[in-house]
Every structure is written in C-alpha cells, then in structure tokens.
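In listed order, ligands and their atoms are each counted from 1.
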Amino acid sequence: MTALTSLPAWQDFERRAAALRDFDLRAAFAADPGRAERYSAAACGILLDHSKNLIDDAGWAALFELARACGVEARREAMFRGERINATERRAVLHTALRAPRGSRIEVEGHEVVAEVHATLDRLYRFADSVREGEWLGYDGRPVRDVVNIGIGGSDLGPYMACEALKDYATPQLRCHFVSSVDGWQLHHTLAALDPATTLFIVASKTFTTQETLTNARAARDWLTAAGGETAVARHFVAVSTNSQAVAAFGIDTANMFGFWDWVGGRYSLWSAIGLPIVLQIGPTRFAELLAGAHAMDCHFRETPMADNLPMLLGLLGVWYINGFGAASHLVSPYNQPLHRLPAYLQQLDMESNGKSVRLDGQPVDYRTGPLIWGEPGINGQHAYYQLLHQGTALIPADFIVALENPASPLGHHTILLANCLAQTEALMRGKSRAEAEAELRDQGLDEAAIAALAPHKVFVGNRPTNTLLLDRIDPATLGSLIALYEHKVFVQSAIWGVNAYDQWGVELGKQLARTIEAELRGDKDGATGHDASTRRLLEYCRQALRRRADSTK
Ligand SMILES: O=P(O)(O)OC[C@H]1O[C@](O)(CO)[C@@H](O)[C@@H]1O
C-alpha cells in the first residue's frame with residue numbers, strides 16, 4: 001500500500017487547498033453567475049447545492065484525481081461485489097444487499113445472499129402484519145399496543161432515528177419506545193406508562209452479548225413475568241440477532257428470532273431485521289419504500305460520474321476541509337424536526353467507521369481522518385451554538401438539510417423554517433464587512449465614537465462553508481436515500497484514507513476495564529489492583545456510595 005501522502009495526487013490536492021486558503025466566496029459568486037448551478041447535483045429526491053464551499057474547478061479536479069489515485073471506484077466495486085473488504089474481521093460489507101431488489105444476485109464466496117435477505121424480510125413482514133392487525137395476542141388475549149426496542153448503538157440509533165423521522169406514516173394502534181441506556185431510569189420510566197399484557201419487547205443485538213442490552217432485557221423480562229408468568233415470554237419477547245445460541249440461552253424461543261448476517265455492520269443494519277420497529281410502525285409496504293430509496297442511492301453511487309455523484313461530492317468535500325484546511329469537526333444541521341435524531345445516528349455511522357488512526361496495512365496514518373460529527377435540529381442550534389459558527393475561530397463545515405414539502409407543519413411555520421435555513425447559509429457565506437457594520441450603526445443614529453467601539457464586534461468574516469441538501473419531502477424513500485448517501489460518503493472517505501471503516505476495536509478496551517471495575521465495585525475483586533491513583537480514588541467514592549445505598553435498603 002503506497003503511503004497516501006507520497007502520492008502525487010495527494011501533494012497536488014494539498015497544494016490546491018493551500019492556494020485557496022484565502023478563497024473569497026462572495027467574489028466567486030460575483031465572478032461566476034453559473035456557480036450555483038454548476039456546483040449542484042441531484043438524485044433520489046435530494047438536491048445538493050455545494051456551491052457555498054471554499055473550492056474552485058482546479059480544486060475539484062485535484063479531488064477527483066485524488067479519488068482515482070486512491071482507487072475509490074475499484075474499492076466501491078469490491079464492496080458491491082461482496083469481497084471481504086472488512087479485512088481485519090475477514091468479512092464482506094454488504095448492507096447494500098439488504099436493499100437489493102428481489103431476484104437480483106449478490107454472492108459472498110460463491111453463496112448467493114439476496115434470496116435469503118428476502119426470505120427474512122418476508123418473515124419479518126408476516127410477523128409485523130400480525131402485530132399491526134391485532135392478530136398477535138398477549139398473555140391475556142389482547143393485541144399489542146406498545147413496542148419496546150431494547151438495544152444500543154446500531155441496534156438502537158438507526159431504528160430510533162427512522163421511527164422518529166417517519167412518524168407521519170405510523171399506525172395509530174402502536175407506539176414504539178426505545179431503551180438503550182443501562183441507567184435503569186430509562187427502562188423504569190418507559191415501563192411505568194405501559195401495560196405488560198399489551199407490550200411487545202424486541203431484544204435487538206447483533207452479538208447478543210452486549211451488557212447494557214442484556215441487563216435491560218432481563219429487567220424487562222422480570223417486569224413481564226411478574227404480571228403474566230413465565231409462559232408470557234413467548235408472546236411478548238422477540239429477538240433480532242446473528243447469535244441464535246445466545247438468544248436461546250437467554251430464554252427466547254428461536255422461533256421468535258429474526259436473524260441477519262456477519263456481513264452487516266451494526267451501524268449499517270437498520271435495513272435488516274434490526275429495522276423491525278420501523279416495519280411495525282410504518283408497515284411492510286412503506287419499509288419496502290425505505291429500502292427502495294436506499295437502493296436507488298446505491299445505483300446512483302455506483303453508476304454516476306464523480307462530478308454528479310452525491311456521496312463522492314460530500315465525501316471529497318470532507319477530505320478537502322479535514323486534510324486541506326485542518327477542520328476537526330463537521331456539523332449536521334437538519335431543519336425538519338422529524339430528523340432530530342439524524343445527527344446522533346450519523347455520529348455512530350461516521351465516527352465509529354472512520355475514527356481510525358491505522359491504515360489497512362497496519363501502518364499509522366500521518367494525516368487526519370474522521371472528524372467529530374455533531375449537531376441538533378438547526379433551528380435550535382441557531383439559538384445555541386451558531387454564534388460560534390458565525391464569529392468563532394474554528395472552521396466548521398456544515399450540512400444544512402431541509403425538506404421542501406412539509407405537510408404536517410402549517411404553511412406559516414414551514415415558510416419560517418425554510419427562510420431560516422437559507423438565511424443561515426447565506427449569512428455564513430457572505431458575512432458582514434466592517435463597512436457594512438459601520439453603516440448599520442450609523443443608520444441607527446450612533447455617534448462616531450460608539451460606532452468605532454461597537455463595529456469590530458459586529459463584523460462577521462463570512463466565508464464559512466456549507467452544503468445545502470434540499471429534500472423533496474421526508475418520506476420513506478427519500479429518507480432511505482439520505483441515509484444511504486451518508487453511508488457512502490463515509491465509505492468514500494475511508495477509501496481515500498485507506499482505513500477500514502467496518503471494524504470498531506476502539507470500543508473494546510473500555511468494555512474490558514468496565515468488567516474489572518464492576519467486579520471491584522461489587523466487592524468480588526480487590527479494588528486496589530492495577531489502577532492508576534485517579535481511578536483508584538474515584539472507585540473508592542463509588543464503592544462507598546454503593547455501600548451506603550445497600551445499607552439504607554437493609
Ligand atoms: O448489536 P450489538 O451486538 O448489541 O452491539 C451494539 C453496538 O455496540 C458496538 O459494538 C459498540 O460497542 C457497536 O458497534 C454496535 O452497534
């Protein structure tokens with residue numbers, strides 16, 4: 001593997017980026033009336049306007065050349081063909097097969113997988129229909145009214161985000177709840193409002209070894225059996241996992257288990273049986289539309305030339321700022337409230353994938369990789385952290401996402417929402433010059449001394465880069481396309497950086513140490529062993545608090 005930084009295309013890209021450090025967006029728009037049109041691309045109900053970025057044609061040419069030099073297109077084909085591109089775990093990466101149309105063929109080591117995917121979907125759909133139509137009955141003969149998904153990470157974030165986004169399509173008979181934290185507060189308050197006889201639990205865990213999920217699942221099981229007895233478990237618990245042995249060992253009949261495959265990463269799994277809460281909420285037909293939307297984006301990514309290819313454009317722009325301008329974070333600013341969980345979902349997707357510092361060949365990288373991804377609904381962000389975007393010292397590229405149609409929001413509200421989204425990207429780009437600030441203050445009748453004192457505080461440098469993604473609407477198909485767009489963006493960046501986006505060894509050490517500390521807190525193990533002084537002291541505070549609590553309940 002040739003070191004990335006020694007590639008001529010990388011050096012050219014760095015030179016281009018350095019040459020544009022003082023790029024003036026206002027001047028670029030003034031000089032080129034066609035800029036907005038040329039620097040836009042559309043697919044699958046999503047218009048990407050990327051014209052408000054600190055880049056010109058030569059910069060784009062350097063990025064496309066870099067992508068070619070890094071073999072992004074060849075690696076993309078390897079992924080779609082089912083090659084084991086997740087080299088550290090020797091696995092294929094085939095979330096795209098989960099949304100491949102019935103009848104298409106994709107093989108992993110000679111084994112065709114699409115037929116199996118659809119057989120599982122059919123089972124999932126039959127089960128969901130029986131719950132939605134009130135045929136699946138609880139222990140006292142009443143139908144299900146509440147569904148509680150117990151899972152964490154990829155077994156929570158995707159389905160939760162999609163259920164929130166698609167609430168307008170939800171059946172009124174069912175309410176979906178999500179419990180992820182091992183802080184029992186969340187389960188307690190979720191169950192407090194529910195009736196065990198009409199509650200269905202989905203225990204969602206790819207590995208079925210995740211401590212938080214199994215702890216919550218055991219507590220939920222106790223809550224259920226206290227009311228309905230042991231026999232109730234079969235009617236009220238289903239599992240989604242790749243580990244049927246662990247599911248059976250937990251006490252869930254594998255007849256009530258929906259499987260998926262080791263070639264589906266947790267954070268890429270909402271398209272699989274992990275999407276069961278979504279299917280229950282919006283029904284099989286709408287879920288199939290979500291899959292079709294993602295598939296449409298897969299085809300767009302695979303077939304469209306780079307200059308019009310949405311995932312390529314977003315991925316390369318990220319590289320432009322991270323490696324060319326030293327940006328350390330990337331803001332995701334969805335304006336529509338249904339997308340309020342999108343930033344949290346994208347945090348795992350992006351940061352668990354590209355938060356890596358070793359290349360596929362085992363060598364350390366000597367360049368930045370995945371950025372900090374963060375955000376909230378944009379309209380709230382405007383009243384919180386946007387100040388820093390406008391006048392702070394950090395360069396923070398941002399994606400502004402808003403839907404053109406928004407039937408559930410009154411026209412007046414929606415107009416204000418759109419206006420704010422557009423106004424913020426314009427303000428970030430154009431800024432406010434010293435002369436403009438002074439003129440404004442003069443119009444307000446301030447004297448020259450006051451103007452001189454205040455004007456510097458009112459200056460916005462501008463030139464803050466943004467992408468605007470205009471969605472036709474937030475429906476299952478467009479949401480599917482949007483999520484797949486970000487999945488492929490992450491892929492593009494991993495291919496440039498030469499890292500494996502599909503493992504996550506970095507989360508393991510904390511889990512190992514937690515097991516040791518838990519035993520020490522419980523008193524099963526000597527607490528003084530092997531810890532640094534800080535951890536030892538903190539551990540002692542916690543041990544005393546636990547002891548006080550145990551004593552008070554004696
Ligand atoms: O679905 P599981 O196996 O319970 O894992 C949950 C999450 O935990 C992680 O392994 C991180 O700890 C994620 O990658 C995954 O999505």
Write out all pairs satisfying salt bridge (Lys or Arg N to Asp or Glu O under 4.0 Å) with one or both partners inside residues 506-515, taking only residues at least two apart or from two chains. Glu508-Lys511
Check whether the ring centres of Tyr486 and Tyr345 lie less than 6.0 Å apart, and answer yes or no. no
Kindly state whether the ring of His236 and the ring of Tyr139 have centres lying under 6.0 angstrom apart. yes
Write 'none' if nothing qualifies; otherwise put on separate lines each N/O atom of ligand 1 with a protein N/O atom under 3.5 Å away and their distance to 0.1 Å.
{"residue": "ligand 1", "atom": "1 (O)", "partner": "Ser155", "partner atom": "OG", "Å": "2.6"}
{"residue": "ligand 1", "atom": "1 (O)", "partner": "Lys206", "partner atom": "N", "Å": "2.7"}
{"residue": "ligand 1", "atom": "3 (O)", "partner": "Ser205", "partner atom": "OG", "Å": "3.4"}
{"residue": "ligand 1", "atom": "3 (O)", "partner": "Lys206", "partner atom": "N", "Å": "3.3"}
{"residue": "ligand 1", "atom": "3 (O)", "partner": "Thr207", "partner atom": "N", "Å": "2.9"}
{"residue": "ligand 1", "atom": "3 (O)", "partner": "Thr207", "partner atom": "OG1", "Å": "2.6"}
{"residue": "ligand 1", "atom": "3 (O)", "partner": "Thr210", "partner atom": "OG1", "Å": "3.4"}
{"residue": "ligand 1", "atom": "4 (O)", "partner": "Ser205", "partner atom": "OG", "Å": "2.6"}
{"residue": "ligand 1", "atom": "4 (O)", "partner": "Thr210", "partner atom": "OG1", "Å": "2.5"}
{"residue": "ligand 1", "atom": "12 (O)", "partner": "Lys511", "partner atom": "NZ", "Å": "2.9"}
{"residue": "ligand 1", "atom": "14 (O)", "partner": "Glu352", "partner atom": "OE1", "Å": "2.8"}
{"residue": "ligand 1", "atom": "16 (O)", "partner": "Gly154", "partner atom": "N", "Å": "2.8"}
{"residue": "ligand 1", "atom": "16 (O)", "partner": "Gln348", "partner atom": "NE2", "Å": "3.1"}

Quick check: Phe127 with Phe258 (ring centres under 6.0 Å apart)? yes
Can you name the salt bridge (Lys or Arg N to Asp or Glu O under 4.0 Å) partners of Arg473, sequence neighbours left out? Glu405, Asp475
Tell me which donor-acceptor pairs under 3.5 Å the side chains of residues 277-292 have, and how far apart each pair is, sequence neighbours excluded?
{"residue": "Gln281", "atom": "NE2", "partner": "Cys163", "partner atom": "O", "Å": "2.9"}
{"residue": "Arg286", "atom": "NH1", "partner": "Glu289", "partner atom": "OE1", "Å": "3.0"}

